[in-house]
Amino acid sequence: MTKKKSIIGISGSIIVDNGGNFPGYERAYVNYDYAEAVILAGGAPFIIPVVCDEDVVRAQLQSVDALILSGGHDPNPLLYGEEPSLKHGEILPKRDTFDFLLMKVAMEMKKPILGICRGHQIVNIFNGGSLYQDISFIEEAYIKHNQQMLPSEATHTVLVEKESKLKEILGDFALVNSFHHLSIKDVAPGFKISAISKDGVIEAIEKEGDHFVMGVQWHPEMMAKNHENMLKIFKRLVEESENNKNN
């Protein structure tokens, strides 16, 4: 008998059609490499469209075994008590509302959660942390954190903290890609840093305790097809989802 695959929910976003027959038309989407990484890890991907109704979000999450918060727009700085700086990027308030609802319900349900890039930032600010609105506001930062091309290639090193779940997955360090200009400033209560870059930028956080909630600033889904250590992150998420189903 074939083992039933874990259903891994992937938060979607909205893209606006700027041409063709439907200018201004909103479309639900997520980059396909998220789905591909989940499939390669042994799970079944389930894309969750943006919805701002908690009852609907609750029903969506009841249908999945784990959640990936995908990348995208800059989170609105008002969410962590700051006014937008001149270097802040484009926001999508509807997506912020949706992602916060996903976090609220998934945390209540104790679903395993993996935040990627924007998702990593959402995990932090939902739980009471804050962000630097641009890497340039970090005096010590000297690494290029937006490589701008070759998404599947690693361009800098992250150092993984001891006594972390991420160390169990990646070991002491990893080579990662990088496509961000925001960064975590204050880590949320109940979370700890699990990786930093060599210039001190926070690259990963995780929830303390048994509930698997992890955020990574890079894009492992873009590397998973050709880099086994990045695929291990998704394999761990699938494993956590299977353990969660059996509890």
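All figures in this text were calculated on a predicted structure; none of them were measured in a lab. Throughout, residue positions are numbered sequentially from 1 according to the sequence presented.
Looking at heavy atoms from C-beta onward, Met214 lies out of side-chain contact with His120 at the 4.5 angstrom threshold. The closest side-chain heavy-atom distance from Phe212 to Lys207 is not below 4.5 Å. Contact of the His227 side chain with the Leu175 side chain is not registered, since no non-hydrogen atoms from C-beta on lie closer than 4.5 Å. A 4.5 Å side-chain heavy-atom check between Trp218 and Met230 finds at least one atom pair inside the cut-off. With a 4.5 Å cut-off on side-chain heavy atoms, Ile68 and Tyr34 count as touching. Met223 has its side chain out of reach of Glu153: every pair of non-hydrogen atoms, C-beta onward, lies at least 4.5 Å apart. Considering only heavy atoms from C-beta on, Lys185 stays 4.5 Å or farther from Leu131 through its side chain. No side-chain heavy atom of Glu90 sits under 4.5 Å from any side-chain heavy atom of Asp74.
Rounded to the nearest 0.5 angstrom, Ile184 CD1 and Tyr80 OH are separated by 11.0 Å. For the atom pair CG of Asn177 and CG of Leu150, the computed distance is 10.5 Å after rounding to the nearest 0.5 Å. Note that the CZ atom of Phe46 and the CD1 atom of Ile7 stand 8.0 Å from one another [nearest 0.5 Å]. Note that CG of Asn244 and CD of Glu239 are 12.5 Å apart. Values are rounded to the nearest 0.5 Å. A distance of 10.5 Å separates CD1 in Ile8 from NZ in Lys5, rounded to the nearest 0.5 Å. Between the CG atom in Asp99 and the CZ atom in Phe126 there is a gap of 11.0 Å [rounded to 0.5 Å].
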### Stepwise side-chain hydrogen bond (donor to acceptor under 3.5 Å, both in side chains) check, Ser70 with Ser11
CA-CA 6 Å; Ser70 62; Ser11 66; 3.2 Å; yes

### Query
Taking it one step at a time, do Glu206 and His211 satisfy side chain to side chain contact (heavy atoms under 4.5 Å, CB included)?
CA-CA 9 Å; Glu206 59 187 57; His211 183 195; over 6 Å; no

### Derivation and outcome, salt bridge (Lys or Arg N to Asp or Glu O under 4.0 Å), residues Lys235 and Glu228
CA-CA 10 Å; Lys235 287 182 175 179; Glu228 175 61 27; 3.1 Å; yes

### Query
Should Tyr25 and Val16 be marked as a side chain to side chain contact (heavy atoms under 4.5 Å, CB included) after you check the CA-CA gap, both sets of side-chain angles, and the distance that decides it?
CA-CA 6 Å; Tyr25 205 72; Val16 178; over 6 Å; no

### Message
Is there a side chain to side chain contact (heavy atoms under 4.5 Å, CB included) between Ser183 and Ile138? Walk through the geometry before answering.
### Response
CA-CA 9 Å; Ser183 173; Ile138 306 174; 3.9 Å; yes

### Task
Determine, stepwise, if the pair Asn124 / Ile205 fulfils side chain to side chain contact (heavy atoms under 4.5 Å, CB included).
CA-CA 8 Å; Asn124 189 57; Ile205 60 171; 3.8 Å; yes

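For the pair Val50 and Gly12, the tightest heavy-atom approach, listed with the atom from each and the gap, is CG2-O, 3.5 Å. Here the closest non-hydrogen pair linking Val238 and Ala41 is CG2-O, 4.0 Å. For Gly71 against Cys117, the heavy-atom pair with the smallest separation is CA-CB, 4.4 Å. The two atoms that bring Ser6 and Asp65 nearest to each other are CA-OD2, 3.4 Å, heavy atoms only. The shortest non-hydrogen separation linking Gln60 to Phe98 is OE1-CE1, 4.1 Å. Nearest heavy-atom pair, Ser63 versus Ala59, reported as atom, atom and distance to 0.1 Å: OG-O, 3.2 Å.
A salt bridge links Glu54 with Arg58: the distance from a Lys NZ or Arg NE/NH1/NH2 to an Asp or Glu carboxylate oxygen falls below 4.0 Å. Salt bridge status for Glu108 with Lys104: present, with a side-chain N to carboxylate O gap under 4.0 Å. Between Asp172 and Lys162 there is no salt bridge, since no side-chain N of the basic residue sits under 4.0 Å from a carboxylate O of the acidic one. Taking a cutoff of 4.0 Å between a charged side-chain nitrogen and a carboxylate oxygen, Asp96 and Arg118 qualify as a salt bridge. In summary, Lys232 and Glu168 do not engage in a salt bridge, as defined by a charged side-chain N under 4.0 Å from a carboxylate O.
Following chains of ILVMFWY side-chain contacts shorter than 4.5 Å, one can reach Phe234 starting from Val160, so the two form part of one hydrophobic cluster. Under the 4.5 Å side-chain contact rule for hydrophobic residues, Leu61 and Met103 share a cluster. Side-chain heavy atoms closer than 4.5 Å link hydrophobic residues (I, L, V, M, F, W, Y) into clusters, and following such links, possibly through other members, connects Phe100 to Met109. Linking Ile, Leu, Val, Met, Phe, Trp and Tyr residues whenever their side-chain heavy atoms come within less than 4.5 Å leaves Tyr132 and Ile196 in two separate clusters. Cluster membership check: Leu79 shares its hydrophobic cluster with Leu92, using side-chain heavy-atom separations under 4.5 Å among Ile, Leu, Val, Met, Phe, Trp and Tyr.
When each of Lys87, His181, Glu82, Glu83 is paired with Gln133, the side chain to side chain donor-acceptor pair (under 3.5 Å) condition holds for Glu82 and for no other. Results of the side chain to side chain contact (heavy atoms under 4.5 Å, CB included) test with Leu114 over Leu69, Leu67, Leu237 single out Leu237 as the only residue that passes.
The side-chain contact (heavy atoms from CB on, under 4.5 Å) test applied to Asp186 returns Ser130, not counting sequence neighbours. Residues that satisfy the salt bridge (Lys or Arg N to Asp or Glu O under 4.0 Å) test with Glu26, not counting sequence neighbours, are Lys94.
In this structure, Asp53 contributes its side chain and Val56 its backbone to a donor-acceptor pair below 3.5 Å. Formation of a donor-acceptor pair under 3.5 Å by the Asn76 side chain with backbone atoms of Leu78 is found in this model. Listed for the Gln147 side chain is a donor-acceptor partner under 3.5 Å among the backbone atoms of Ser178. His219 contributes no side-chain N or O that, together with a main-chain N or O of Glu221, makes up a donor-acceptor pair within less than 3.5 Å.
Side chain to side chain, Asp199 and His145 meet the donor-acceptor criterion of an N or O pair below 3.5 Å. Residues Gln121 and Gln217 have side chains that bring a donor and an acceptor to within less than 3.5 angstrom of each other. At a cut-off of 3.5 Å, with distance as the only test, no side-chain donor of Ser164 or Ser194 sits close to an acceptor on the other residue.
Other residues, nucleotides and ligands contribute only 12 or fewer heavy atoms inside 6.0 Å of the CZ atom of Phe173.
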